[in-house]
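All values below come from the heavy atoms of this structure, side chains included, with hydrogens, waters and symmetry mates left out.
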Protein chains: 2
Amino acid sequence: MAGKVELRRAALRTALIAHAKARITADGLKNLRARDLAKDAGCALGAIYNVFGDLNDLVLAVNAETFHDLGASVAESLSDAPQTPTDQLIVMARAYHHFAAQNYHLWRALFDIERAPGEAAPEWYLAEMGRLFAYIDAPLSVLHPNHDAEQRTLLTKALFSSVHGIVLLGLDEASSGVPAPQIDEMISLVLSQLAS
Amino acid sequence: MAGKVELRRAALRTALIAHAKARITADGLKNLRARDLAKDAGCALGAIYNVFGDLNDLVLAVNAETFHDLGASVAESLSDAPQTPTDQLIVMARAYHHFAAQNYHLWRALFDIERAPGEAAPEWYLAEMGRLFAYIDAPLSVLHPNHDAEQRTLLTKALFSSVHGIVLLGLDEASSGVPAPQIDEMISLVLSQLAS
DNA sequence: ACCTAAAATTGAACAAAGTTCAAAAAGGAA
DNA sequence: TTCCTTTTTGAACTTTGTTCAATTTTAGGT
């Protein structure tokens, strides 16, 4: 039984990720507690640190799944085959909005996680980000065939950041707090102008 | 000497805000420590809680000043009297960007502060936000004189949120991390399109 | 001046919460 | 079974915000 330990650890890892996901979904990232997770998973407190370097690593694992699901949601939104490139951008942005609204705490954890100063984001984060950017880039290539790659990259980032900002502030009840239909309207407003 | 205690407390309050500001500027909000502040101000640990309800209240006081300074920076950017309404929007957005870049940790503290769930933002926050929105609204009224108030409010929020998103992700070294000139370029790109 | 009661200040103690590590348990080879 | 290695455990350590009993200061009355 060579891989016995590895199997047990892999199972614990999976369980811890699932429980952390549930805890974050219910109470948000800042209410995640190591002791709660140990109880949830029925393991010792220290066992968490046999599987993950620290709690942050565990949250990173949750975030990887969340980011993957987010990418899948955005990609799936295109399956309704909207006609124009602008429509495609709008549909994707709304999918982003709806994912963020439906998975608010998990989505916030993507950005609220503590990151070591000066350290780059993990590779999977950049990879998923690149995938999202590729989705945006495609319609932009149709709209602006004569832009060079650098121009399009800039426009892609600007578009994503704008939508992200609209969703971020729109979903923040405490400050602006905008009803969902108005968020969608703002998205349409910005994208229909920007993509022309 | 009726107001002796009040004077001492007011002085401590001012000192604590100043020291907290310095600490946040240097190390960021998440590295702010009650014991450090007590040492900085030469007061007892518990004295902080004679003046503020908790550390969060102290950070709120810092944020009030930061937000006020931010508003002043944006307002001052208009004193160069740019010609067109679009130019005014771009100048203000760049002022927002430059304030955020120059006061990164203080600016982040505006949004990273812990807020009680379901509780509205403090009145000064909404008031300063309203002031910022008014600055944006003015040029938009010139550009779109036939829009009603609701339309303009939506466009104002969309514009602000977009610029905020561009600055937020642009200044986040770990993820996108965009050089300052490119951030300004993205701002121009979005605003020149959106305001037309 | 002195005394005294109320008010304010202090900092040691308390209560989380993440992380570590010596000890115990489990695993595996001879 | 025995002995050594690996793994797991959870009590203990550390850090940090917050509290509160004890001390100091203040202010009024004599």
- Message: Between A/D27 and A/H105, is there a side-chain donor-acceptor contact under 3.5 Å, judged purely by atom types and distance?
- Response: no
Rounded distance in Å - [atom1] ([X]) to [atom2] ([N]):
X     : N      : atom1 : atom2 : value
B/R13 : C/dT9  : CZ    : P     : 15 Å
A/K39 : C/dA17 : NZ    : P     : 13 Å
B/R23 : D/dT16 : CZ    : C1'   : 14 Å
B/I48 : C/dT9  : CD1   : C1'   : 13 Å
A/F52 : C/dG18 : CZ    : C1'   : 16 Å
A/L12 : D/dT7  : CG    : P     : 14 Å
B/L37 : C/dT10 : CG    : C1'   : 17 Å

Scan nucleotides 17-21 of chain D against the protein and return all N/O pairs shorter than 3.5 Å with their distances rounded to 0.1 Å.
| from | atom 1 | to | atom 2 | distance (Å) |
| --- | --- | --- | --- | --- |
| D/dG17 | OP1 | B/L32 | O | 3.1 |
| D/dG17 | OP2 | B/A34 | N | 2.9 |
| D/dG17 | N7 | B/R35 | NH1 | 2.8 |
| D/dG17 | O6 | B/R35 | NH2 | 2.9 |
| D/dT18 | OP2 | B/Y49 | OH | 2.8 |
| D/dT18 | OP2 | B/L55 | N | 3.2 |

- Query: Are side-chain heavy atoms of B/F52 and B/I17 found at a separation under 4.5 Å?
  - Reply: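 Yes, their side chains come closer than 4.5 Å.
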- Message: Is any side-chain heavy atom of A/L32 closer than 4.5 Å to one of A/L37?
- Response: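 Yes. Closest side-chain heavy atoms under 4.5 Å.
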- Item | A/E65 with A/K21: basic N within carboxylate O range, under 4.0 Å |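 Yes, this pair counts.
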- Query: Counting just side-chain N and O atoms, does A/R8 come under 4.0 Å of either OP1 or OP2 of C/dA26?
  - Reply: no
- With no hydrogens and no angle check, is any side-chain donor or acceptor of A/Q182 less than 3.5 Å from a backbone partner on A/P179? no
- Taking the six-membered ring for Trp and the full ring for Phe, Tyr or His, determine whether the centres of A/H164 and A/W107 are under 6.0 Å apart.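 Ring centres of A/W107 and A/H164 closer than 6.0 Å.
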